[in-house]
Number of protein chains: 2
Amino acid sequence: MKRKPAHYYEARARIARAMAHPSRLLILDALQEREHCVCELTELVGADQSTVSRHLAVLKGAGLVQDRREGVMVFYRARCACLSSFWNCLENVLKENLKSHAAALG
Amino acid sequence: MKRKPAHYYEARARIARAMAHPSRLLILDALQEREHCVCELTELVGADQSTVSRHLAVLKGAGLVQDRREGVMVFYRARCACLSSFWNCLENVLKENLKSHAAALG
DNA sequence: CCTATATATGGTCATTTGGCCATATAGCCA
DNA sequence: TGGCTATATGGCCAAATGACCATATATAGG
């Protein structure tokens, strides 16, 4: 079968890279429900505000979230609902990984 | 809403990190159809054999692929079919990203 | 304009990633 | 055993990532 051109995989990789951090996945999970301001997400993540702002810039750069300014605050929200069904589909893999990771630790 | 514990997001991040490279996404795409030996994948990717072997180790470590030895060759195959529907779901985001990326280049 | 608050960005540093070369390991065959 | 092929791993280095602190920008209110 013929393969897609390289820029397809680069476009996908940009999205996957944006997802490749626990804090950003936590943020995406929160934004799936409803929009949140940066201050809420900062408290949720528990890192420096500047760190969270950079995480949000990464997600926005990948097109996974949108932002909206309201006065002095900026609200972020998810741009698609593909994530949760994806992680659901992967739940078997995730369960295996959690087991083997726990075994590696203990 | 209550958030999942941190190790959930770490488990997801391990998978997302494994996906976060164009060569590995190309490999995953190929393995979605049928299993391939390392030599085929090396030719497909067009990098050093050792590089491809490491990419495969990353994918295997994330639980996304399985391997099977047959004589002197090792065949890899996908462990789940979640990827293609995920990328399909994201196609709008991807199209936007390709446009803005092209604009950034041109 | 000045102050206060919310968010973004520059600087710096430690860690991780990804590439190749060289080499080690594994299985087949003589 | 020895040689041949397929795959994996150690070593090394350049580049990217992620964290924090300090500081810049933007908006609201006095």
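Computed from a prediction, not measured in an experiment: that's the story for all the values here. In what follows, every chain begins at residue 1, and chains take the letters A, B, ... in the order their sequences are listed.
Note: CZ (R68(A)) to P (dA8(C)) measures 14 Å, nearest angstrom. The distance between atom CZ of F75(A) and atom C1' of dT27(D), rounded to the nearest whole Å, is 14 Å.
The aromatic rings of H21(A) and H55(A) are tilted relative to each other, their planes meeting at an angle between 30° and 60°.
Using a 4.0 Å heavy-atom cutoff across all strands shown, V72(B) reaches at least one base atom of the nucleic acid.
With rounding to the nearest 0.5 angstrom, the CZ atom of F75(A) is 11.5 Å from the CG atom of L31(A). Rounded to the nearest 0.5 angstrom, R79(B) CZ and D67(B) CG are separated by 11.0 Å.
Contact between the side-chain N/O atoms of R69(A) and the OP1/OP2 oxygens of dT7(C) is not found at any separation under 4.0 Å. Taking only side-chain nitrogens and oxygens, Y76(B) never comes nearer than 4.0 Å to OP1 or OP2 of dA6(D). Listed pair R17(B) / dT16(C) fails the phosphate criterion, with no side-chain N or O lying under 4.0 Å from OP1 or OP2.
Residue H21(B) places its side chain closer to dG19(C) than to any other of dG27(C), dA19(D), dG19(C). Minimum atom distance to the side chain of H55(A) is reached by dG18(D), of the listed dG18(D), dC20(C), dT7(D).
Positionally, the nearest nucleotide of DNA chain C for M73(A) lies more toward the 5' end than for the other of E70(B) and M73(A).
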Query raised in the report: Can R12(B) and E10(B) be said to form a salt bridge (charged side-chain N to carboxylate O under 4.0 Å, His left out), step by step?
Result: CA-CA 5 Å; R12(B) 292 180 178 184; E10(B) 284 154 15; over 6 Å; no
Requested in this report: Take E33(B) and R3(A) through the salt bridge (charged side-chain N to carboxylate O under 4.0 Å, His left out) test and state the conclusion after the steps.
Outcome: CA-CA 11 Å; E33(B) 299 164 36; R3(A) 224 44 73 190; 2.5 Å; yes
Identify all pairs in which a protein N or O lies below 3.5 Å from an N or O of nucleotides 9-13 of chain C, and state each distance.
residue, atom, partner, partner atom, Å
dG10(C), N7, R54(A), NH2, 2.6
dG10(C), O6, R54(A), NH2, 2.6
dG11(C), O6, R54(A), NH2, 3.4

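The nearest pair of heavy atoms linking Q32(A) to A78(A) is OE1-CB, 4.0 Å.
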